[in-house]
Amino acid sequence: MYHPIDKRIREALRAYILEKYGLESAVVTERPPRLEMGEVASPVCFDLAKRLKRAPRQIAQEIASSIGPIEGVARIEIAGAGYLNLFLERTQFLRQAMALAGGEAAAAADGAPKVIVEHTNINPNKAAHIGHLRNAALGDSFVRLLRYTGRRVEVQNYIDNTGVQVADVVVGFHHLEKKTPAEVQALSAAPRFDYLCWDLYARVTQFYEEDKSRTSLRADALKSIEENHGDLAKMATCVADAVVRRHLRTMERMQVGYDLLPRESEILRLKFWEKAFALLKERNAIQLVSTGKNAGCWVMRAADTGESEEDQNAAAKIIVRSNGTVTYVGKDIAYQLWKFGLLGLDFHYRRFDQTPDGRPIWATSAEESDPDAPAFGRGWEVFNVIDSRQAYLQGVVVAGLRALGYEDEARRSIHFSYEMVALSPRSAMAMGYVLSPEEEKRSYVEMSGRRGLGVKADDLLDRLETSCRAEVDARHPALPANERTGMAHAIAIGALRYFLLKYTRSAVITFDFAEALSFEGETGPYCQYAVVRARNIFRKLATQEAGYPSEKAGAIVDDAALGKMLAAPAGDDLWDLALLAGSLGATIAGAVQAQEPAVLAKYAFQLAQAFNLFYHKHRILSEEDLQKKALLLMLAQLVERQLVTALGLLGIESPEKM
RNA sequence: GCGCCCGUAGCUCAGUCGGAUAGAGCGUCUGCCUUCUAAGCAGAGGGUCGGGGGUUCGAAUCCCUCCGGGCGCGCCA
């Protein structure tokens, strides 16, 4: 509700200033520091003062007294050196916020421009760790935000099933474990096959370190995987598919889902690279280097730096190696072109798996396409959720689009970057990892799949669920076991997703078990608990006063009484809560604009905190003044609906009890 | 060496397209459960916003510079 009023105020000020002074101005508004100063303020007169060469306070006075009524605004005051402070119509605001709260999100039109969000992208050779969870939580929450604001979104999880990491695990099964493809197939049915691969991958790394010449085994495996023939290729398919299914199950626990799994194997087999290569050559976006250290390679030069051609070629990014094979960036350029519908080729599709509620999860295929497959790709805008360490490579991919002349697509190709999740040395050592003396002194240590150093996602989820279950059991011993399990799961996910989302993307998360396992203070369970408290009131009201029209509390109280109860100064605390609860839309708009789910996470916490204060100060059920009681109920309902919406966008469920 | 990110309370972090007295959580200390569940609430204490310069009516926020830390810069992905 705050959002539309704020917008209306900015527009009214802009129009009035244009009319009265003949000046175009970018009117900014802000929330004043204290409620006595109103709900919306604008420092626009300071800027006008400069341009009109008059005192800001005088201009503010002039505007305040002559601008005339603005819908939703009760009055305007001037303050300080020349602020315009606006006071909202409290009753109207609350009524409108109530009418909007909990409503369905705007549905995207079928023909609306499509946004493609690529996230998760875990190498299918080992179990997911908490760094992958940050990626998935960010990507998934951003998808929810986009969909809520009416965008049409397609979620892709790219699977590098033919890369060196898979090859390494295949080397492990073949050379270390001496397994046949059939034996690997049998193993892959194990409940936590991804854990087995995690350990094997670390062992293979050591196996290479003991004798460097062994890396030729990797090259051989990679070759047979890329060419898709022989036992090693069979093993690779089996390992990658099985691990991908494990990742899907892990992400389901986190309430994260996907529409499509584009796989590198199809990029190879359907000749996406050949097509992209032809385009790049045709439009002169890449150059064949004839001299210097990159002789024989096709490279993409950075923007013209004025250096000699030879220097530019040496500093350029290699796209095709001198032996004719394509690098990862090259394949990524082909994939990015396909996402925008610019490649002139399409994948085939098959059903790969399904979500718990029965929706298909599609994967690309080189075989004939399932006729029921929807139209994938052809996006208008693309977000790639990839950690900030890959910023340079993402830049090369975008430069590729630009070099091909796709300036608009390059601009709508967004690297949604975030910092890594690292371990505190304390956490790493507590898990039994041996750190070097240098590492012990650092504030954090990077996780490493090769070293097997990291907190596995399912392990953390298990620990969280166990600890939530113990608490739930203590509080609700009488409830059926399955209900307690569900409750513990919702709270565990609430704790974890909130923990991963409360940091802004640019902050490195130093993972610490004590913090991640905390349920108090600025946490998901704190926010969920506020919802539960509100629901407890409604539930008790329904049993105590069966006839009370709690869903229509707003109809019991009339506007005059509402106005009186919300009026300053006595009504300020209630109004403050209404105002915050009514600011959900503005917060969502801000989170989408900043591409920052943490903005919404902070809001959810603030609202929960404000509600807890309200809950503590007012007894709703025992309130004797019926008009007051109705108002308190309205506020509790408003907060409950807004919190459920906010948490839902963060992928956090709101349990009935906890 | 070059590029990107970070430096705000004891710790972990918000606030950074300039705005009014710099916020939160955790931790510490002191209180509050016969109440709509204390996964809660109240209070206390805690700050050269890394240093220095500049722009501005106004700077944690913009510019310059220095210091500290991280990440990246491979014919790996």
Side-chain angles (χ1 to χ4, degrees), chain A residues 26 28 30 32-34 37 41-43 46-47 49-50 55-56 79-83 85 123 160 163-165 218 222 264 289 293-299 302 315 317-329 331-332 387-393 395 417 419-420 422 424 442-444 446 468 471-472 475-476 491 494-495 502-510 512 514-515 518-530 532-541 544 594 598-599 601-602 605-606 608-609 612-613 615-623 632 636 657-658:
Chain A
V28 295
E30 62 195 56
R34 288 190 312 278
M37 299 169 162
S42 179
F46 296 116
D47 182 50
K50 218 176 307 175
Y83 281 96
N85 287 346
N123 263 304
D160 184 6
V164 284
Q165 296 212 16
R218 168 202 279 168
L222 196 54
E264 188 172 80
V289 181
K293 64 168 187 164
N294 291 338
C297 298
W298 287 88
V299 302
K317 182 67 199 170
I318 291 165
I319 306 297
V320 180
R321 303 180 186 105
S322 56
N323 68 3
T325 58
V326 58
T327 61
Y328 154 80
V329 186
K331 283 178 272 192
D332 217 24
D387 82 72
S388 59
R389 286 171 291 191
Q390 297 203 43
Y392 168 67
L393 293 175
S417 77
E419 277 290 348
M420 64 179 151
S424 62
R442 300 185 47 166
S443 58
Y444 58 79
E446 220 174 309
C468 290
E471 191 65 35
V472 167
R475 289 169 188 245
H476 302 283
I491 298 164
K502 74 174 173 178
Y503 298 94
T504 52
R505 292 186 285 123
S506 62
V508 175
I509 298 181
T510 305
D512 188 86
E515 262 178 82
S518 166
F519 306 135
E520 289 165 17
E522 195 189 348
T523 64
Y526 177 97
C527 300
Q528 291 171 310
Y529 189 61
V532 167
R533 282 182 141 177
R535 289 180 171 171
N536 284 344
I537 296 170
F538 307 146
R539 197 178 300 114
K540 189 146 183 185
L541 181 69
Q544 266 182 5
V599 169
K602 295 278 174 197
F605 174 67
Q606 272 179 25
Q609 207 174 28
N612 274 330
L613 175 62
Y615 178 92
H616 188 255
K617 271 169 92 169
H618 304 278
R619 298 293 126 175
I620 297 178
L621 296 183
S622 57
E623 176 58 51
L632 297 177
K657 300 177 188 172
M658 65 185 275

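Letters A, B, ... mirror the listed sequences (proteins, then strands); counts begin at 1.
- Among the atoms of the strands shown, only primed sugar atoms or phosphate atoms (P, OP1, OP2) are found under 4.0 Å from some heavy atom of R389(A).
- Each of C76(B), C41(B), G40(B) was ranked by its minimum atom distance to the side chain of R321(A); first place goes to C76(B).
- Mapping P32(A) and C297(A) onto RNA chain B via the closest heavy atom, the residue that lands nearer the 5' end is P32(A).
- Of the candidates G40(B), G70(B), A77(B), G70(B) carries the atom nearest the R442(A) side chain, counting heavy atoms from C-beta on.
- Phosphate contact (OP1/OP2 of C41(B), side-chain N/O of N612(A), threshold under 4.0 Å): present.
- Looking only at distances, no side-chain donor or acceptor of S424(A) sits under 3.5 Å from a matching main-chain atom of D512(A).
- With hydrogens and angles ignored, a donor-acceptor pair closer than 3.5 Å exists between the side chain of N85(A) and the base of A20(B).
- Secondary-structure stems of RNA chain B, taken as three or more successive Watson-Crick or G-U wobble pairs (i with j, i+1 with j-1) under a 3.5 Å distance threshold, comprise B:1-7 with B:67-73, B:10-13 with B:23-26, B:28-32 with B:40-44, B:50-54 with B:62-66.
- Classification of C64(B) as anti follows from a glycosidic angle more than 90° from 0.
- Residue contacts shown for V472(A) include a base, since a base heavy atom lies under 4.0 Å away.
- Residue side chain Y83(A) meets the stacking definition with respect to A20(B): its ring centre sits within less than 5.5 angstrom of the base's six-membered ring centre, and the planes differ by less than 30 degrees.
- Side-chain atoms of N85(A) come within 3.5 Å of backbone N or O of M37(A) as a donor-acceptor pair.
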* **Reading 5' to 3' through nucleotides 6-14 of chain B, protein heavy-atom contacts under 4.0 Å coded B for base, S for sugar-phosphate only, - for none** => ------SSS

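- The listed nucleotides are C71(B), A77(B), A38(B); the one nearest the side chain of Y615(A) is A38(B).
- Taking atom C1' on both G19(B) and A77(B), the two are 47 Å apart, rounded to the nearest angstrom.
- Ring-plane geometry between Y83(A) and F46(A) is classed as perpendicular, the angle between the planes exceeding 60 degrees on a 0 to 90 degree scale with a lower cut at 30.
- The separation of G18(B) from A42(B), taken at their C1' atoms, amounts to 36 Å, rounded to a whole angstrom.
- Taking for each of Y526(A) and Q609(A) the nucleotide of RNA chain B with the nearest heavy atom, the 5'-most of the two is the partner of Q609(A).
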